[in-house]
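Data block below; observations after.
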Amino acid sequence: MSGNSILVVEDEADIREMLSFALERAGYSVAEVAEAEEGLKRLDGPLPDLVIIDWMLPGMSGLDLARRLRRDQLTADLPLIMLTAKGDETDKLKSFDVGIDDYVTKPFSPRELVARIKAVLRRSSAPEGGQLTFGRMVLDTQSHRLSIGDTNVHIGPTEFRLLEFLMRHPERAFDREQLLDRVWGRSVYVEERTV
């Protein structure tokens, strides 16, 4: 079981249902919405590990949704797969130009889609050098170590996640609610308040 979460943005209910069934069976946690605007609202909370977007959506197209996600610093690196009946080379090129990671043409095999999801997630989780730096501070994301200059600094897992998040989004301010959503996930905050 993978444990990865996937957001499906697809307006056709039968395709959403089939995708949810196939992806949950493959071990993914699935959330589904029918419109791009709903997808954007869903992405205000904890981010999924990958988003599947249908090109032909009511209101905002899947292509425009992908374009918006790539422009936002918080979702710029979010893996995206375009799911569409448009199979022309020019359509594929438009998708790749806006930053789609993979392109699946309808009709498709659920097994092929799962294989493509695994490949995209593998590529997106590949370490980018494994280190984040800010001034003399170096955060090693593989060994989970922090050093400032020549000194190793011990920090706990929560502090590590928070520092990693802030170092991945430099020169950006976040309020308490955003940090609770993006670092801990809203459910942790709710549990803390109800205890």
Side-chain angles (χ1 to χ4, degrees), residues 1-9 23-24 26-31 39-40 42-53 65-82 95-103 113-193 195:
M1 299 301 245
S2 76
N4 290 110
S5 59
I6 297 177
L7 174 62
V8 175
V9 186
L23 296 175
E24 286 172 356
Y28 296 102
S29 168
V30 181
L40 288 171
R42 189 61 76 105
L43 292 169
D44 277 342
L47 292 178
D49 296 300
L50 180 139
V51 181
I52 296 174
I53 304 171
L65 173 60
R67 197 174 281 121
R68 279 186 64 172
L69 294 177
R70 288 296 179 241
R71 281 195 304 248
D72 185 327
Q73 192 175 14
L74 288 176
T75 56
D77 297 324
L78 191 59
L80 306 175
I81 293 180
M82 183 67 76
S95 290
F96 291 128
D97 283 345
V98 300
I100 290 293
D101 295 288
D102 203 351
Y103 190 98
L113 178 62
V114 167
R116 286 174 177 263
I117 288 169
K118 287 178 181 174
V120 168
L121 288 172
R122 232 182 355 260
R123 286 194 305 266
S124 70
S125 65
E128 301 167 13
Q131 292 186 340
L132 298 170
T133 59
F134 184 83
R136 296 180 58 223
M137 185 167 46
V138 177
L139 191 70
D140 189 321
T141 59
Q142 291 176 315
S143 65
H144 287 259
R145 291 193 177 142
L146 169 66
S147 60
I148 300 174
D150 295 329
T151 308
N152 287 329
V153 180
H154 173 73
I155 59 173
T158 302
E159 291 88 355
F160 184 90
R161 283 195 317 269
L162 177 60
L163 185 57
E164 180 182 6
F165 177 78
L166 293 172
M167 289 178 77
R168 287 189 187 279
H169 303 95
E171 300 178 19
R172 171 117 189 223
F174 298 95
D175 63 27
R176 183 174 188 271
E177 296 293 311
Q178 289 172 315
L179 291 174
L180 287 168
D181 278 341
R182 308 227 192 269
V183 179
W184 285 274
R186 178 62 58 181
S187 60
V188 173
Y189 178 56
V190 171
E191 287 169 17
E192 286 175 356
R193 290 187 67 181
V195 172

- [ ] Run the numbers on D49 and I6 for side-chain contact (heavy atoms from CB on, under 4.5 Å), then give the verdict.
- [x] CA-CA 6 Å; D49 296 300; I6 297 177; 5.9 Å; no
Give, for atom [atom1] of [X] and atom [atom2] of [Y], the distance between the pair rounded to the nearest 0.5 Å.
X	Y	atom1	atom2	result
E164	D140	CD	CG	10.5 Å
R67	R71	CZ	CZ	7.0 Å
S5	L23	OG	CG	11.5 Å
M137	T151	CE	OG1	13.0 Å
L74	L69	CG	CG	11.0 Å
I81	L121	CD1	CG	7.5 Å

TODO: Could you tell me whether the side chain of T133 and the main chain of V138 form a donor-acceptor pair under 3.5 Å?
DONE: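 No, the answer is negative, given that no donor and acceptor are paired below the 3.5 Å cut-off.
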TODO: State, yes or no, whether a side-chain contact exists between L43 and P48 at a heavy-atom distance under 4.5 Å.
DONE: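 When only atoms from C-beta onward are counted, P48 and L43 do touch, with a gap below 4.5 Å.
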- [ ] Decide yes or no for I53 and L7: does some side-chain heavy atom of the first lie under 4.5 Å from some side-chain heavy atom of the second?
- [x]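 Not in contact.
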Open item on the list: What verdict does the side-chain contact (heavy atoms from CB on, under 4.5 Å) test give for Y28 and I117, after you've listed the backbone C-alpha separation in whole Å, the side-chain angles of each residue and the deciding distance to 0.1 Å?
Closed with: CA-CA 10 Å; Y28 296 102; I117 288 169; 3.6 Å; yes
Task: Charged N-O contact under 4.0 Å between R70 and D101 - done: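 The answer is yes: the pair qualifies as a salt bridge.
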Open item on the list: How close do R116 and D102 get, counting heavy atoms only, and between which atoms?
Closed with: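 It is NH1-OD1, 2.8 Å.
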Task: Atom CZ of R145 with >12 non-hydrogen neighbours under 6.0 angstrom - done: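 No - once you tally the heavy atoms of other residues, nucleotides and ligands closer than 6.0 Å, there are 12 at most.
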Task: From CA spacing to verdict: side-chain contact (heavy atoms from CB on, under 4.5 Å), T75, V51 - done: CA-CA 10 Å; T75 56; V51 181; over 6 Å; no
Task: Counterpart residues, salt bridge (Lys or Arg N to Asp or Glu O under 4.0 Å), relative to D72 (two or more places apart) - done: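 With neighbours one apart ignored, the set is R172.
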Open item on the list: Applying side-chain contact (heavy atoms from CB on, under 4.5 Å) to L139 and F160, what does each step give before you reach the verdict?
Closed with: CA-CA 9 Å; L139 191 70; F160 184 90; 3.3 Å; yes
